[in-house]
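Data block below; observations after.
Just so you know, residue 1 is the first one in the sequence shown, and it goes up from there. Values reported hereafter were calculated over all heavy atoms of this structure, with side chains retained and with hydrogens, waters and symmetry mates removed.
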Amino acid sequence: MKIPTVALVGKPNVGKSTLFNRIAGKRISIIEDTPGVTRDRIYSMCSYNDYKFHLIDTGGIDLGNEDFNKEIRVQASLAIDEADVIVFIVDGKDDLGPNDYLIKDMLKKSNKKVIVAINKMDSKVASDNVYNFYELGFEHYIPISAEHNSGIYNLLDEIVKDFKDVKDIEYGEDVVKFCVIGRPNVGKSSLVNALLNEERSIVSNVSGTTRDAIDTPFTYNKRDFVVIDTAGIRKQGKIYEDVERYSVLRALKAIDRSDVCLVVLNIEEGIIEQDKHIAGYAIEAGKAVVIVVNKWDKSKKDMNLVTKEIRSHFAFMPYAPIVFTSALTKKRIHTLMPEVIKSYDNSHKILKTSVLNEVIGEASTLNPAPSYKGKRLKIYYVNQVDKAPPKILFHVNDKTLIHFSYERYLENKIRESFDLEGTPIVLQFKNRGE
């Protein structure tokens with residue numbers, strides 16, 4: 001099942017960011033607050049009534065009048081391109097203006113479902129204005145107050161109403177799906193081509209779920225794989241010059257459809273925040289990760305020094321293997337698939353309960369949890385409750401006594417005892433009797 005995308009559009013100061021934070025605040029994430037990962041709040045994975053969806057905020061840009069229409073067009077174009085449902089936010093206290101009509105015209109041509117969210121309905125002025133917005137000519141209108149949480153559930157009901165009808169390409173359970181992600185011009189497509197040419201076993205090319213994603217099934221060592229290539233944004237003249245930071249959105253659907261994510265870096269250009277944003281989303285989604293340093297044939301840097309640099313920047317995922325390769329010369333390309341396979345297999349690994357309890361028992365004896373207000377954490381029993389990624393449940397006396405540093409210590413001890421390279425693991429704590 002494909003995870004749909006919902007985009008919030010509208011001119012500045014209509015309340016897009018407030019609505020985004022209101023909806024995103026309800027999200028259920030596999031890994032909360034991953035240390036070392038900072039992301040622009042332009043997207044989030046959300047959940048409502050058992051439906052998951054990507055939420056994109058296209059707002060937050062304040063511009064001079066001369067650039068205003070250009071930027072509105074850029075924002076709406078991105079939303080139209082990515083979204084299954086578009087929420088067009090208007091200010092209930094304000095009259096419709098030229099920019100509202102510009103957005104309306106673009107959305108009308110999109111043939112996408114558009115919901116007009118009339119915001120700031122906590123005001124009497126907005127209540128008196130509400131019917132003025134019907135002249136936009138859309139089918140769905142929902143009065144809301146993002147600030148006061150009014151009408152939000154009505155809006156969410158309408159957003160998810162048709163999601164069950166959205167289908168995606170489905171593969172067998174034994175097929176390993178991996179995506180190639182990274183900012184534009186790091187060599188993602190070249191890497192995919194080199195990989196497939198090396199194996200010479202392409203079955204077919206299948207159009208993916210987004211305009212710029214291509215699914216390619218192939219076989220390697222008698223196992224079935226699908227590689228998902230996410231191309232960068234196509235630039236269409238000057239209007240797209242300033243939207244490269246949104247290229248991370250291209251990776252969202254590919255990441256959620258994948259088992260393993262290859263984060264491709266161009267080390268000659270250096271590591272930037274966007275590289276971490278993309279990797280951070282893969283971790284948040286619970287996916288196995290391999291870091292790929294492409295264009296290594298052009299580098300004169302020392303491999304050990306580059307490894308240290310990468311580990312420093314990606315300290316939030318020290319378990320991710322690093323592969324150095326060149327798509328152009330195919331140098332070291334043979335080292336890539338074994339790491340994909342290992343990361344996938346490790347993410348699906350089932351840890352033996354008896355051994356897991358021995359490891360944790362020994363770890364807590366060697367280094368007991370620090371006491372807090374006269375109380376000390378006691379771990380009664382540990383077992384694995386899920387895979388992809390492995391999820392370990394700790395049955396304890398009081399989960400409020402868990403300190404982040406001790407949780408990290410327990411994770412490190414588990415990793416020392418089990419080969420979990422390439423995959424995140426999730427530790428959960430439950431009070432006895434819960």
Task: Flag for Tyr171-Asp215: side-chain donor and acceptor within less than 3.5 Å - done: yes
Task: Results of salt bridge (charged side-chain N to carboxylate O under 4.0 Å, His left out) for Asp345 - residues two or more places apart only - done: Arg223
Task: Residues which pass side chain to side chain donor-acceptor pair (under 3.5 Å) with Thr307, listed by chain and number, not counting sequence neighbours - done: none
- [ ] Please list, chain by chain and in numerical order, all residues satisfying salt bridge (charged side-chain N to carboxylate O under 4.0 Å, His left out) with Lys295, sequence neighbours excluded.
- [x] none
Open item on the list: Just to verify, what does His54 make a side chain to side chain donor-acceptor pair (under 3.5 Å) with, not counting sequence neighbours?
Closed with: Asp256, Tyr281
- [ ] With rounding to the nearest 0.5 Å, note down the distance linking CZ in Phe324 to CE in Met303.
- [x] 5.0 Å
Task: side chain to side chain contact (heavy atoms under 4.5 Å, CB included) involving Ser326 - partner list, sequence neighbours excluded - done: Asp297, Leu328, Thr329, Lys331
TODO: For Arg332, check salt bridge (charged side-chain N to carboxylate O under 4.0 Å, His left out) against everything at least two apart and list the hits.
DONE: none
TODO: Write out all pairs satisfying salt bridge (charged side-chain N to carboxylate O under 4.0 Å, His left out) with one or both partners inside residues 352-369, taking only residues at least two apart or from two chains.
DONE: none
Open item on the list: Under the rule for side chain to side chain donor-acceptor pair (under 3.5 Å), what residues qualify as partners of Asn294, not counting sequence neighbours?
Closed with: none
Open item on the list: The criterion is ring-ring contact (aromatic ring centres under 6.0 Å, His included); which residues satisfy it with His140, sequence neighbours excluded?
Closed with: none
Open item on the list: Once salt bridge (charged side-chain N to carboxylate O under 4.0 Å, His left out) is applied, do any residues pair with Lys375, and if so which ones, sequence neighbours excluded?
Closed with: Asp398
- [ ] Give every residue pair that meets the salt bridge (charged side-chain N to carboxylate O under 4.0 Å, His left out) criterion with at least one member in residues 299-326, sequence neighbours excluded.
- [x] none
- [ ] Would you sort out whether Tyr48 and Tyr51 count as a ring pair (Phe, Tyr, Trp, His ring centres under 6.0 Å), showing the intermediate values?
- [x] CA-CA 5 Å; Tyr48 178 72; Tyr51 291 106; 8.4 Å; no
Open item on the list: A side-chain contact here means heavy atoms from C-beta on lying under 4.5 Å apart; do Tyr220 and Leu195 qualify?
Closed with: no
- [ ] Apply side chain to side chain donor-acceptor pair (under 3.5 Å) to Ser145 and list each qualifying residue two or more places apart in sequence or on a separate chain.
- [x] Asp122, His148
